[in-house]
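Inspection log for the structure reproduced underneath, given as structure tokens.
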Amino acid sequence: MTVTETVAPSTRRLSTAKALSEGIAQEMERDDSVFVMGEDVGAYGGIFGSTGGLIDQFGPSRIIDTPISETGFIGAGIGAATEGLRPVVELMFVDFFGVCFDQIYNHMAKIHFESGGNVKVPMVLMMAVGGGYNDAAQHSQCLWASFAHMPGMKVVVPSNPYDAKGLMISAIRDDSPVVYMFHKGVMGLPWMAKNPRSIGPVPEDAYTVPIGKANVVHPGSDVTVVSLSMSVQHCQDVAEKLDGEGISAEVIDLRSVIPLDREAVLESVAKTGRLLVVDEDYKSFGLSGELAATIVEHDPTMLKAPFARVTYPDVPVPYARSLEQAALPTRERIEAAIRSLVRA
Amino acid sequence: MTVTETVAPSTRRLSTAKALSEGIAQEMERDDSVFVMGEDVGAYGGIFGSTGGLIDQFGPSRIIDTPISETGFIGAGIGAATEGLRPVVELMFVDFFGVCFDQIYNHMAKIHFESGGNVKVPMVLMMAVGGGYNDAAQHSQCLWASFAHMPGMKVVVPSNPYDAKGLMISAIRDDSPVVYMFHKGVMGLPWMAKNPRSIGPVPEDAYTVPIGKANVVHPGSDVTVVSLSMSVQHCQDVAEKLDGEGISAEVIDLRSVIPLDREAVLESVAKTGRLLVVDEDYKSFGLSGELAATIVEHDPTMLKAPFARVTYPDVPVPYARSLEQAALPTRERIEAAIRSLVRA
Amino acid sequence: MDGAQRLGFYRQMVRIRTYEETIRGNYHADKTPAWDIGAGLIPGEMHLAAGQEPVAVGLCAHLRDDDAITGPHRPHHLALAKGVDMHRMTAEIYGRVDGLGRGRGGHMHLFDPAQHFSCSGIIAEGMPVAVGQALAFSRKGTDNVAVAVAGEGAANQGAFHEALNLASLWKLPVIFIIEDNDWAISVPRDSSTPIKSNAPRGAAYGIPGERIEGNDVETISDACGRAVARARAGEGPTLLEIHTVRLWGHFEGDAQAYRGAELAVAESHDPIPIYEAKLRAEGLLDDAGVAAAKAEAQAEVDAAIAFALASPVPDPSTLSDYVFA
Amino acid sequence: MDGAQRLGFYRQMVRIRTYEETIRGNYHADKTPAWDIGAGLIPGEMHLAAGQEPVAVGLCAHLRDDDAITGPHRPHHLALAKGVDMHRMTAEIYGRVDGLGRGRGGHMHLFDPAQHFSCSGIIAEGMPVAVGQALAFSRKGTDNVAVAVAGEGAANQGAFHEALNLASLWKLPVIFIIEDNDWAISVPRDSSTPIKSNAPRGAAYGIPGERIEGNDVETISDACGRAVARARAGEGPTLLEIHTVRLWGHFEGDAQAYRGAELAVAESHDPIPIYEAKLRAEGLLDDAGVAAAKAEAQAEVDAAIAFALASPVPDPSTLSDYVFA
Ligand SMILES: Cc1ncc(C[n+]2csc(CCOP(=O)(O)OP(=O)(O)O)c2C)c(N)n1
Ligand SMILES: Cc1ncc(C[n+]2csc(CCOP(=O)(O)OP(=O)(O)O)c2C)c(N)n1
Ligand SMILES: [Mg+2]
Ligand SMILES: [Mg+2]
């Protein structure tokens with residue numbers, strides 16, 4: 001169900017971080033089996049604010065600070081989930097997944113399958129992703145494709161406060177493991193440059209946003225721009241700007257990478273004949289390629305112009321601002337790509 | 001340089017496993033700084049025979065059995081490489097990468113970049129990949145896309161004994177880290193079903209096969225079939241069979257995923273107008289999508305028929321033979337895909 | 001320990017050994033002449049636990065259905081001692097739809113929610129999962145315990161460290177069992193572990209550590225009993241290293257050339273004849289009792305295999321089932 | 001210990017502190033009014049080591065240029081004490097082409113091959129790398145040593161376990177230094193570690209473990225000296241846990257609300273005034289000496305910053321350089 005079916009629209013404006021933690025809080029109130037574990041999720045409230053205030057409301061027995069032992073506590077989340085609890089576990093940065101990926105893809109993601117459906121792992125693994133603030137090669141990646149490539153977990157990637165809350169509630173209620181990736185730039189943090197879109201209206205009641213349905217955040221007819229997470233905000237900005245020039249871009253916010261809403265993309269490209277993918281994850285062997293394949297295994301003649309992508313290049317994230325800014329999918333790069341696509 | 005430039009053709013036939021370990025041995029003779037580390041690489045000779053006989057020739061000081069501590073010994077390989085040695089480190093199955101991927105992609109692959117080119121990590125990380133013998137979800141994956149998605153490492157995937165030796169020698173001599181993935185099915189092991197192509201002519205002298213150059217293993221004009229590793233053997237079998245029916249398939253063996261020889265693929269598709277990718281890695285967010293994108297960001301009109309892929313589906317590897325065989329990119333699936341492509 | 005319990009130990013060990021022997025025979029039966037790991041009714045890797053029965057039996061004497069075990073790649077002895085249904089477990093090993101995992105899992109991935117039994121083929125990675133099960137038990141306020149079993153090779157993996165640290169920090173009802181069978185595939189203990197016993201590693205986390213020599217089911221049961229009682233009483237985790245023996249190859253097909261003379265020594269330490277002799281000497285067992293134990297075990301195993309063989313193989317059209325819940 | 005050496009310790013600590021203070025000032029100088037982590041001449045995360053100077057200085061007193069250190073995310077004190085070029089290190093922190101990594105690395109990724117210095121932002125993952133450096137030294141037959149430095153939080157990460165085990169097993173010349181500053185970001189030691197000292201963890205690998213209280217550079221130097229000598233003599237690794245203090249936030253911008261009253265206590269343990277008072281009391285230092293040390297340090301730091309500011313930012317067209325060798 002989506003909010004329009006269940007909750008009155010709200011004029012209350014929250015940051016994505018607050019919306020997200022409110023979603024967790026409401027599920028914790030509703031369901032005793034939900035608890036939170038991770039590094040600095042307690043008094044600190046999560047390095048990027050994902051668990052802000054929860055310790056005051058629920059105390060240290062349900063908001064558990066862990067040692068720096070990601071394999072240990074993610075594994076513990078899996079064990080707790082198989083025994084019927086619903087843990088929300090935070091991996092502080094996606095970039096650290098290499099110390100614990102075995103628990104994630106060989107256990108969290110596969111146990112349900114290996115057990116022939118007899119064991120469920122209803123667990124949310126949330127993590128911060130993305131760059132743009134010069135945190136260099138080990139703290140700035142997106143890596144959703146690295147998770148999406150491995151079967152058995154859903155991968156959720158909100159771009160705004162409203163979706164962040166509704167997707168978190170859906171994720172907690174989901175009986176499958178859900179990887180929930182929040183971009184630092186969408187969190188609306190007071191100490192980081194942000195797009196105004198990172199603060200927005202959020203209904204006070206609990207509501208869900210369905211996992212697996214993309215959202216057309218800016219309708220258009222000339223070109224389809226598919227994006228996710230932080231980059232959606234840039235795409236919206238560019239699309240609004242180009243509206244004024246008579247270039248009509250349709251911006252699709254995927255909202256989840258798994259399930260991937262291929263139909264929404266096909267439908268839009270059927271209309272526009274042009275596809276740009278904007279993706280802050282590394283370019284090759286990732287989301288952008290998968291979307292290209294989705295189109296052309298359906299029908300290559302849908303594309304009236306070459307497929308285009310504005311992605312992070314296949315380069316580790318450099319520290320220096322001059323280099324990082326050149327690598328990121330900025331508004332400038334997106335705009336240029338759309339212009340050249342509609343010209344093609 | 002390729003063998004044709006340096007070594008006389010040979011009629012001596014070796015299994016891929018023997019060819020590979022011979023390549024290591026010859027480099028160890030040539031260069032004192034080369035040594036081997038891993039689980040069961042000594043007396044056992046590698047679970048899949050990659051280090052067979054090396055302990056007899058070089059002794060335990062250069063062929064080092066490690067504890068089951070992949071983060072520890074891969075990290076140790078990195079440290080040794082930065083101090084000027086050239087370790088060949090074995091991760092027994094690619095499926096175990098989750099316990100040590102941080103060392104691989106955050107350290108091995110990035111140090112050279114982060115150091116602005118001042119530190120080199122000349123290390124080979126080799127590992128067994130692939131399924132087909134009912135080893136189930138944690139011992140049967142290919143996962144080359146998971147490595148290729150992360151910048152900074154080359155990814156080598158031989159399909160036959162000749163390439164296995166030449167690519168190993170190139171990998172050891174390379175100043176960049178090289179991930180060397182050998183499919184169990186191409187090793188020509190006495191205890192596993194195999195294609196006769198897993199045993200073939202291998203020159204006795206040392207030679208190199210260049211990393212990054214694809215190989216047209218079966219020229220053709222109707223359809224381009226791009227593949228790698230074990231699946232190349234199936235593609236060759238099918239192409240030979242279809243030759244007799246007047247269907248001319250061009251089979252390209254990528255030989256490495258990074259660098260990806262996009263030009264070779266573009267050149268062939270320019271000729272055939274039809275592209276089939278055969279890939280034993282999971283379907284989505286991987287190699288097949290990347291190749292589709294490569295074509296259509298160049299020119300979507302190159303494709304006279306929809307893009308096709310025969311891959312492992314987005315499903316964990318099931319144990320039961322009936323299920324695994326349905327999931328693998330078998331000759332039957334490849335043949336059917338080629339037939340329907342040329343009909344399209 | 002009373003005679004009935006000791007006889008029970010013996011019968012359970014015989015039952016497990018009979019199972020492993022039968023699987024072993026059937027595994028090899030249809031893979032010749034050119035031995036092929038992927039061929040036959042039971043394909044794939046096969047790690048059997050002959051020699052390690054005392055660990056499983058001594059441990060499970062203290063566990064209830066609602067206690068949990070997370071086992072390693074070598075799980076049959078633990079599963080059977082825990083009470084996992086032999087029919088459905090066997091069907092899983094044969095890759096059939098009536099298997100525990102409907103044929104998806106295979107012998108390294110046996111999941112039985114009724115017995116809270118699971119295992120994993122990734123070394124030591126089951127240990128944190130057991131910590132989480134214990135966390136769930138303690139959050140629910142039950143007196144259940146979770147047991148993680150791993151080999152001595154596994155004790156050098158990072159997950160061991162993290163799991164023991166967490167369990168101690170949170171004072172959880174976990175028992176960590178290290179089965180030291182002297183080998184990790186071809187790597188002997190002294191090539192993987194710089195200390196003679198893993199017991200002192202407990203001190204690194206402030207938890208009791210004990211090493212049990214002798215591979216004797218009664219001694220093992222006593223030690224496990226203390227550890228389980230401690231965990232149930234809310235006193236936290238225990239680390240037990242049990243010196244046992246791997247009578248066969250690491251997996252079926254392993255020629256074990258690397259073992260040399262040690263193999264004969266190991267074979268002379270088979271715990272079942274040793275225990276049998278002890279019980280005979282004490283008058284608890286005679287030829288008839290031995291024969292009955294074996295016959296009973298064989299009948300049960302044969303029935304399980306018949307059940308497995310009667311179960312269909314999974315339909316390929318169901319390949320994509322169970323990826324998501 | 002002679003006076004010159006003790007004065008040298010003092011000056012080196014002042015030099016490091018001056019560096020950290022200056023970076024701190026410059027880091028914040030251009031991020032207001034709306035404080036923005038990504039703004040200014042030095043953007044990104046910034047982990048400063050004020051209070052931990054005695055560890056770096058005491059350790060590096062025993063290291064040569066060709067010995068190696070692998071540091072953690074909080075690396076400046078170690079780099080400077082080791083002898084890493086301050087100019088090029090500063091240029092790296094400012095993201096300039098004359099930086100150690102040509103601006104690619106940043107403050108958590110300082111690589112100086114001349115000093116065999118490196119660091120990593122991933123907790124504990126530098127420890128196995130140090131083991132490999134030691135492996136290289138021992139294969140080459142040199143008497144060099146490799147040092148891995150990590151925090152007390154890091155000691156609960158699996159990589160710690162694997163690195164210590166390997167180093168002991170192969171008897172390598174490694175010194176493992178745990179900087180216990182009581183905190184891992186906001187998590188106090190007793191929420192991460194169930195034991196009071198990491199020294200007993202050495203016994204888990206058969207290596208000597210020692211905890212050093214007091215954060216006194218001379219005591220630290222003595223302990224490090226013994227460990228380095230042991231390693232150079234081929235006697236294998238040592239684990240040292242040094243109780244030190246984190247005077248500032250985990251990273252710049254950390255308001256430290258979670259610290260409460262403990263912060264004031266920590267601040268009263270600043271090792272530099274304490275050492276200064278000691279040297280003054282012993283007549284080795286007076287006002288002039290203190291002023292000279294500070295002035296000399298400030299001049300060096302200012303020159304380094306001037307060097308950095310004079311260096312160009314990397315040209316965006318070079319983005320793809322150095323991905324492959
Ligand atoms: C992370 C990981 N590394 C390596 C392996 C391959 N492997 C499977 S069993 C085994 C040896 C295990 O030895 P031990 O823990 O002593 O158990 P045992 O087989 O002796 O019962 C190894 C190395 C694995 N499955 N997982
Ligand atoms: C694998 C990993 N997990 C988490 C982090 C995030 N992180 C960075 S520093 C830190 C705390 C480190 O504490 P400690 O090891 O005590 O070092 P200190 O910061 O106190 O010097 C954490 C959790 C990380 N960088 N890497
Ligand atoms: Mg063992
Ligand atoms: Mg600390």
Contacting moiety of [X], where chain A heavy atoms sit under 4.5 Å:
{"X": "Ala130(C)", "answer": "neither"}
{"X": "Asp321(C)", "answer": "backbone"}
{"X": "Leu166(C)", "answer": "side chain"}

With a 4.5 Å cut-off on heavy-atom pairs, point out which of [options] contacts chain C the most.
{"options": "Pro67(A), Ala81(A), Gly79(A), Pro122(A)", "value": "Gly79(A)"}
{"options": "Asp102(A), Asp32(A), Val119(A), Asp174(A)", "value": "Asp102(A)"}
{"options": "Thr66(A), Ile111(A), Asp175(A)", "value": "Ile111(A)"}
{"options": "Pro259(A), Cys100(A), Pro87(A), Gly72(A)", "value": "Gly72(A)"}

Checking heavy atoms, do the side chain of [X], its backbone, both or neither come under 4.5 Å from chain C?
{"X": "Thr71(A)", "value": "both"}
{"X": "His107(A)", "value": "side chain"}
{"X": "Ile64(A)", "value": "side chain"}
{"X": "Lys110(A)", "value": "neither"}
{"X": "Met153(A)", "value": "backbone"}

Just so I understand: if I count every heavy-atom pair under 4.5 Å between each of [options] and chain A, which residue has the most?
{"options": "Ala136(C), Ala159(C), Ser118(C)", "result": "Ala136(C)"}
{"options": "Ala163(C), Ser120(C), Gly106(C)", "result": "Ser120(C)"}
{"options": "Ala325(C), Gly99(C), Gly158(C)", "result": "Ala325(C)"}
{"options": "Gly126(C), Pro128(C), Gly101(C)", "result": "Pro128(C)"}

Determine yes or no for a side-chain-to-main-chain donor-acceptor pair under 3.5 angstrom, with [X] supplying the side chain and [Y] the backbone.
{"X": "Arg139(C)", "Y": "Ser33(A)", "answer": "no"}
{"X": "Glu83(A)", "Y": "Gly132(C)", "answer": "no"}
{"X": "Asn118(A)", "Y": "Leu100(C)", "answer": "yes"}

Distance check, rounded to the nearest 0.5 Å: [X] atom [atom1] versus [Y] atom [atom2]?
{"X": "Tyr105(A)", "Y": "Ile122(C)", "atom1": "OH", "atom2": "CD1", "value": "6.0 Å"}
{"X": "Phe73(A)", "Y": "Leu169(C)", "atom1": "CZ", "atom2": "CG", "value": "12.5 Å"}
{"X": "His112(A)", "Y": "Arg104(C)", "atom1": "NE2", "atom2": "CZ", "value": "11.0 Å"}
{"X": "Leu110(C)", "Y": "Ser115(A)", "atom1": "CG", "atom2": "OG", "value": "11.5 Å"}
{"X": "Thr82(A)", "Y": "Phe111(C)", "atom1": "OG1", "atom2": "CZ", "value": "8.5 Å"}

For the NZ atom on Lys140(C), are there more than 12 heavy atoms of other groups (residues, nucleotides or ligands in this structure) within a distance under 6.0 Å? yes
Here the pair of heavy atoms bringing Ile258(A) nearest to Phe324(C) is CG2-CZ, 3.6 Å
